[in-house]
There are 2 protein chains.
Amino acid sequence: MHKEHSLTKNQQIIFDLIDKSTEPLKAYSILFNVQKKGIKAPLQVYRALDKLVEIGKIHKIESRNAFIACHNSSCQVAKATAFSICEICEKVTEISSAGLSKYLANFKDKDGMKYSKYNLEFFGLCKKCR
Amino acid sequence: MHKEHSLTKNQQIIFDLIDKSTEPLKAYSILFNVQKKGIKAPLQVYRALDKLVEIGKIHKIESRNAFIACHNSSCQVAKATAFSICEICEKVTEISSAGLSKYLANFKDKDGMKYSKYNLEFFGLCKKCR
DNA sequence: TAGTTATTGTTATAATATAACATAGTGTAA
DNA sequence: TTACACTATGTTATATTATAACAATAACTA
């Protein structure tokens, strides 16, 4: 079990928005959407995002500069992430595969080095766009 | 064999710079370094970078917004990339492992979908920083 | 050699992210 | 309960990364 983090007001507002979204959200789109709730500046958004990423409640899709809620309930290791990204509709799905995460966590590079932290982004076409 | 691409002047200048570098280069750092060669605007850099990425001569390190020359001579599939990134010194190394690329190319998600295109970034500490 | 396409040059601006500093709340230990 | 450390907040300004729009030029090709 890992420690439960109680979110602060800004963190909660921003997490709720991302969690309800069906697609990854970008920082300035988040900012626009929470301005009515009193969050007025980019930095307020980025600070909340940083914290949410740190505690594993959300993930950043690096190739898209966008944020998605973690839907991997067994994701103790928030730092080992994998996604599939549709190149047409931009749908992003978090992949939770025990086999994959086991393979990657055990992968050794040429120097015999292992990595518990990684980010993998697969690109292709989703069911609908195929 | 895949088609040989002869680089244009700007592409060659920018590729040479990245290829000689021991670390990933950022777009505006590249811009600064090639201004003496007549490349004055960001767009000239980004256009060359886009093309170089497209033809597989360089790769973008998404989590760092930086570019590195492809050192994987057998890398026919420029779109299937893996790197290790040192979280202290930021050293980036391209991983060329037949096993890894085979595993990832054959990986099937829950819908049975396979992906020939992916980007994997491992994070950890390099030899020196360990 | 005309037509097409890719590349270049240029200015302006959009989108993403952080620096710096002041203030306020929260937990905790003497 | 007060002083301390720590985290979060609010705010303005600015840095960094990337693209839009348009004109001109070079390279390819039928």
Write down the atom of A:I30, the atom of A:L25, and the distance for their closest heavy-atom approach. CG1-CB, 3.8 Å
Please determine whether side-chain contact (heavy atoms from CB on, under 4.5 Å) holds for the pair B:K110 and A:S96, giving the CA-CA distance in whole Å, both sets of side-chain angles, and the decisive distance to 0.1 Å. CA-CA 9 Å; B:K110 279 176 178 160; A:S96 39; 3.7 Å; yes
Got A:S116 and A:K79 here, is their nearest side-chain heavy-atom distance under 4.5 Å? no
The side-chain contact (heavy atoms from CB on, under 4.5 Å) partners of B:Y28 (sequence neighbours excluded) come to B:L31, B:P42, B:Y46
Which heavy atom in B:A27 sits nearest to a heavy atom in B:V45, and how many Å separate them? O-CG1, 3.8 Å
Walk along DNA chain C from 5' to 3' and tell me the first and last nucleotide with an atom closer than 4.0 Å to a non-hydrogen atom of chain B. C:dT7 to C:dT11
So, is A:Q44 near the phosphate of D:dG10, with a side-chain N or O under 4.0 Å from OP1 or OP2? yes
Nearest nucleotide by nearest heavy atom, which residue falls closer to the 5' end of DNA chain C, B:Q11 or A:P42? B:Q11
May I have the distance from B:L43 (atom CG) to D:dC22 (atom P), rounded to whole angstrom? 14 Å
Does the pair B:Y103 and A:L100 meet the rule for a side-chain contact (heavy atoms from CB on, under 4.5 Å), with working shown? CA-CA 9 Å; B:Y103 182 89; A:L100 179 64; 3.6 Å; yes
List the atom pairs, donor and acceptor, that lie under 3.5 Å between side-chain atoms in residues 119-130 of chain B and the rest of the protein, sequence neighbours left out.
unit_1 : atom_1 : unit_2 : atom_2 : d
B:N119 : OD1    : B:T81  : OG1    : 2.8
B:N119 : ND2    : B:E121 : OE2    : 3.0
B:E121 : OE1    : B:S63  : N      : 3.3
B:E121 : OE1    : B:S63  : OG     : 2.6
B:E121 : OE2    : B:E62  : N      : 2.9

So what is the end-to-end bend of the helix from C:dT1-D:dA30 to C:dA30-D:dT1, with 5 pairs used at each end and the value given to 10 degrees? 40°
Produce the list of close N/O pairs, under 3.5 Å, pairing protein atoms with atoms of nucleotides 14-17 of chain D; give distances to one decimal.
unit_1 : atom_1 : unit_2 : atom_2 : d
D:dT17 : OP1    : B:K26  : NZ     : 2.4

Hey, does B:H59 have a side-chain heavy atom less than 4.5 Å from the side chain of B:V53? no
Value in whole Å for how far the P atom of D:dA18 lies from CG of B:D50: 10 Å
Enumerate all atom pairs, one protein N or O and one N or O from nucleotides 23-30 of chain D, separated by less than 3.5 Å.
none

Looking only at heavy atoms, the pair that brings B:S84 and A:Y115 closest together is CB-OH, 3.2 Å
Decide yes or no on side-chain contact (heavy atoms from CB on, under 4.5 Å) for B:S29 and B:F67, but give the supporting numbers first. CA-CA 11 Å; B:S29 147; B:F67 299 85; over 6 Å; no
I'd like to check A:L7 versus A:L52 (side-chain heavy atoms, cut-off strictly below 4.5 Å). Are they in contact? yes
Are B:D109 and A:S97 side-chain neighbours, meaning at least one heavy-atom pair lies under 4.5 Å? no
Check for a donor-acceptor pair, side chain of B:E94 on one end and backbone N or O of B:H71 on the other, with a separation under 3.5 Å. yes
